[in-house]
There are 2 protein chains.
Amino acid sequence: MATLAQHQHSPDDTIHGHGLRMTGQRRAVYDVLMGERNHPTAVEVFTKVRGQVPNISLATVYNCLETLTDCGLVKIVTHERGPSRYCPNLKDHAHFFCDSCGEVSDLPLRARKRPQDVWEVPENITISHHQVAFRGECPKCAKKKNLKSEARNPKSK
Amino acid sequence: MATLAQHQHSPDDTIHGHGLRMTGQRRAVYDVLMGERNHPTAVEVFTKVRGQVPNISLATVYNCLETLTDCGLVKIVTHERGPSRYCPNLKDHAHFFCDSCGEVSDLPLRARKRPQDVWEVPENITISHHQVAFRGECPKCAKKKNLKSEARNPKSK
DNA sequence: CACCTTATCAAGAACAATTCCTATTTAAGT
DNA sequence: ACTTAAATAGGAATTGTTCTTGATAAGGTG
């Protein structure tokens with residue numbers, strides 16, 4: 001019951017609710033994710049977390065991330081054979097991946113909308129999850145590119 | 001220019017349009033994909049294609065799949081760290097993955113609908129691609145499960 | 001047709017991300 | 001303190017994919 005998480009108050013309670021313990025390693029991993037919501041990879045979490053728990057192993061980071069995911073405290077985000085990324089935003093949302101800078105950001109689901117409004121899902125199919133990814137260029141990168149092309153070609157507006 | 005494919009008639013023309021050749025291996029791989037539209041993995045294509053080209057190598061199958069993808073003749077489908085799958089349906093569509101039998105099927109985009117209708121995409125973001133996956137249970141598996149629970153518990157309707 | 005150039009291929013090595021294994025450590029509940 | 005199960009570090013193993021290399025094949029040109 002992953003949704004349990006939303007009705008309880010602390011991540012500790014949620015983890016205990018699954019019969020598991022909130023260890024130093026798990027807390028450190030969770031704190032990294034909550035701290036900067038950059039959708040880091042396991043390796044990125046690993047290097048960050050080493051600041052707090054200097055001899056944590058990568059395998060333990062993977063274990064912690066799996067535990068947190070199983071408890072519903074974080075979501076795992078996969079995109080086109082790249083390394084998995086982790087996201088503490090529990091609301092229903094899609095992801096945007098910038099092709100030039102690699103930045104990942106959250107796109108909230110609009111109120112009273114469902115994916116089924118856009119794709120034809122036969123009604124005898126039961127949907128339990130959906131995963132939606134957009135790719136393109138983020139505003140920062142678009143701006144940067146414009147500046148560059150102006151520099152090359154100053155006359156063109 | 002991947003969209004070229006839709007305006008030309010034969011896959012050969014499309015491949016030639018990219019300065020490449022339609023070889024026996026590429027045709028065999030393409031034919032397997034067009035034949036059974038089951039979203040096979042590279043390994044599945046490999047074993048199928050061996051019937052036509054007995055000593056093709058797995059690396060060549062990967063190369064052919066990449067070439068066909070680059071030319072816009074097929075789409076690559078990734079899902080949650082599983083092996084990539086390949087799909088010759090060039091229309092805009094999402095995918096449904098059955099959690100019990102692993103079947104993959106296409107869900108067409110509804111007419112005059114866009115993913116942006118459902119998720120809030122800041123309008124200064126440029127979207128070039130989207131990838132949408134649904135998970136759940138297909139009708140066949142749902143039926144199977146019902147039969148089983150009836151057998152266990154014949155009174156319950 | 002002979003020649004040249006480039007694309008393509010098979011086979012296996014290399015690689016990246018993740019998972020598995022095992023012995024050791026830690027923690028919770030008596 | 002004792003018992004039992006959970007958690008960890010470290011490294012080996014696995015999986016899916018890409019890279020490298022030398023050989024082969026094909027198209028275009030004189």
Side-chain angles (χ1 to χ4, degrees), chain A residues 11-30 32 39-47 49-71 73-86 102 104, chain B residues 11-30 32 39-71 73-86 97 102 104:
Chain A
D12 297 51
D13 289 345
T14 307
I15 286 192
H16 292 151
H18 285 253
L20 303 172
R21 305 173 194 153
M22 178 56 98
T23 64
Q25 287 88 338
R26 286 177 182 160
R27 179 176 308 285
V29 166
Y30 183 67
V32 164
H39 303 85
T41 64
V43 170
E44 286 164 357
V45 172
F46 175 59
T47 56
V49 125
R50 285 226 137 180
Q52 307 303 118
V53 187
N55 51 3
I56 194 173
S57 75
L58 179 56
T60 297
V61 170
Y62 272 107
N63 282 338
C64 293
L65 290 169
E66 188 183 14
T67 302
L68 294 171
T69 304
D70 290 348
C71 292
L73 289 167
V74 308
K75 284 180 173 173
I76 185 167
V77 180
T78 57
H79 183 58
E80 289 179 8
R81 306 226 66 75
S84 300
R85 298 174 171 276
Y86 298 85
V104 185
Chain B
D12 297 50
D13 289 346
T14 306
I15 286 193
H16 292 150
H18 286 252
L20 302 173
R21 307 173 193 151
M22 177 56 98
T23 63
Q25 286 88 338
R26 287 177 181 160
R27 178 176 309 287
V29 166
Y30 183 67
V32 164
H39 305 84
T41 64
V43 170
E44 286 165 354
V45 172
F46 175 59
T47 55
K48 273 278 154 48
V49 126
R50 285 226 137 179
Q52 306 304 117
V53 187
N55 50 3
I56 194 173
S57 77
L58 179 56
T60 297
V61 170
Y62 272 106
N63 283 337
C64 292
L65 290 168
E66 188 183 14
T67 302
L68 294 171
T69 304
D70 291 347
C71 292
L73 289 167
V74 309
K75 285 181 173 171
I76 186 166
V77 181
T78 57
H79 183 57
E80 289 178 9
R81 305 226 66 76
S84 301
R85 297 175 171 275
Y86 298 85
F97 299 83
V104 184

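Fair warning: this is a prediction, and the values are worked out from it, not measured in the lab.
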Could you give the [atom1]-to-[atom2] distance, from [X] to [N], as a whole number of Å?
X      : N       : atom1 : atom2 : answer
R27(A) : dT8(D)  : CZ    : C1'   : 17 Å
D70(A) : dA6(D)  : CG    : P     : 15 Å
N55(B) : dT8(C)  : CG    : P     : 18 Å
F46(B) : dG12(C) : CZ    : C1'   : 13 Å
I56(A) : dT25(C) : CD1   : P     : 18 Å
I15(A) : dA7(D)  : CD1   : C1'   : 12 Å
M22(B) : dA7(C)  : CE    : P     : 18 Å
R26(A) : dT8(D)  : CZ    : C1'   : 10 Å

Is [X] close enough to [N] that one of its side-chain N or O atoms is under 4.0 Å from OP1 or OP2 there?
X      : N       : value
T60(A) : dT8(D)  : no
T23(B) : dC9(C)  : yes
Q25(A) : dT26(C) : no

Main-chain N/O of N63(B) paired to E66(B) side chain as donor or acceptor, under 3.5 Å: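 Not confirmed, E66(B) side chain does not pair with N63(B) backbone.
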Taking M22(A)'s backbone N and O only, do any of them form a donor-acceptor pair with R27(A)'s side chain (distance below 3.5 Å, no angle check)?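 No.
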Please tell me which of L20(B) and R50(B) maps to the more 5' nucleotide of DNA chain C, matching each residue to the nucleotide holding its nearest heavy atom.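 Result of the comparison: L20(B).
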As a quick check of understanding, evaluate side-chain contact (heavy atoms from CB on, under 4.5 Å) for L73(A) and I15(A), giving each step before the final call. CA-CA 9 Å; L73(A) 289 167; I15(A) 286 192; 3.9 Å; yes
Would you indicate whether Q52(B), at its atom CD, is surrounded by more than 12 heavy atoms from other residues, nucleotides or ligands within a distance under 6.0 Å?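 Incorrect, the count does not exceed 12.
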ring-ring contact (aromatic ring centres under 6.0 Å, His included) partners of F97(B), counting only residues at least two apart: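 Partners of F97(B) by the ring-ring contact (aromatic ring centres under 6.0 Å, His included) criterion, ordered by chain and then number, come out as H79(B).
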Between protein and nucleotides 15-22 of chain D, what N or O pairs are separated by less than 3.5 Å?
unit_1  : atom_1 : unit_2 : atom_2 : d
dG16(D) : O3'    : R81(A) : NH2    : 3.4
dT17(D) : OP1    : R81(A) : NH1    : 3.2
dT17(D) : OP1    : S84(B) : N      : 2.7
dT17(D) : OP1    : S84(B) : OG     : 2.8
dT17(D) : OP2    : Y62(B) : OH     : 2.6
dT17(D) : O5'    : Y62(B) : OH     : 3.4

Nucleotide nearest R21(B) (side chain, heavy atoms from C-beta), chosen from dA10(C), dA9(D), dT6(C):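 The closest nucleotide is dT6(C).
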Can you name the nearest heavy-atom pair linking L58(A) to A42(A), along with the distance?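 L58(A) and A42(A) have their closest heavy atoms at CD1-O, 4.2 Å.
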Just to verify, what does S84(A) make a side-chain contact (heavy atoms from CB on, under 4.5 Å) with, not counting sequence neighbours?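 So S84(A) forms a side-chain contact (heavy atoms from CB on, under 4.5 Å) with I76(A), T78(A), Y86(A), R81(B).
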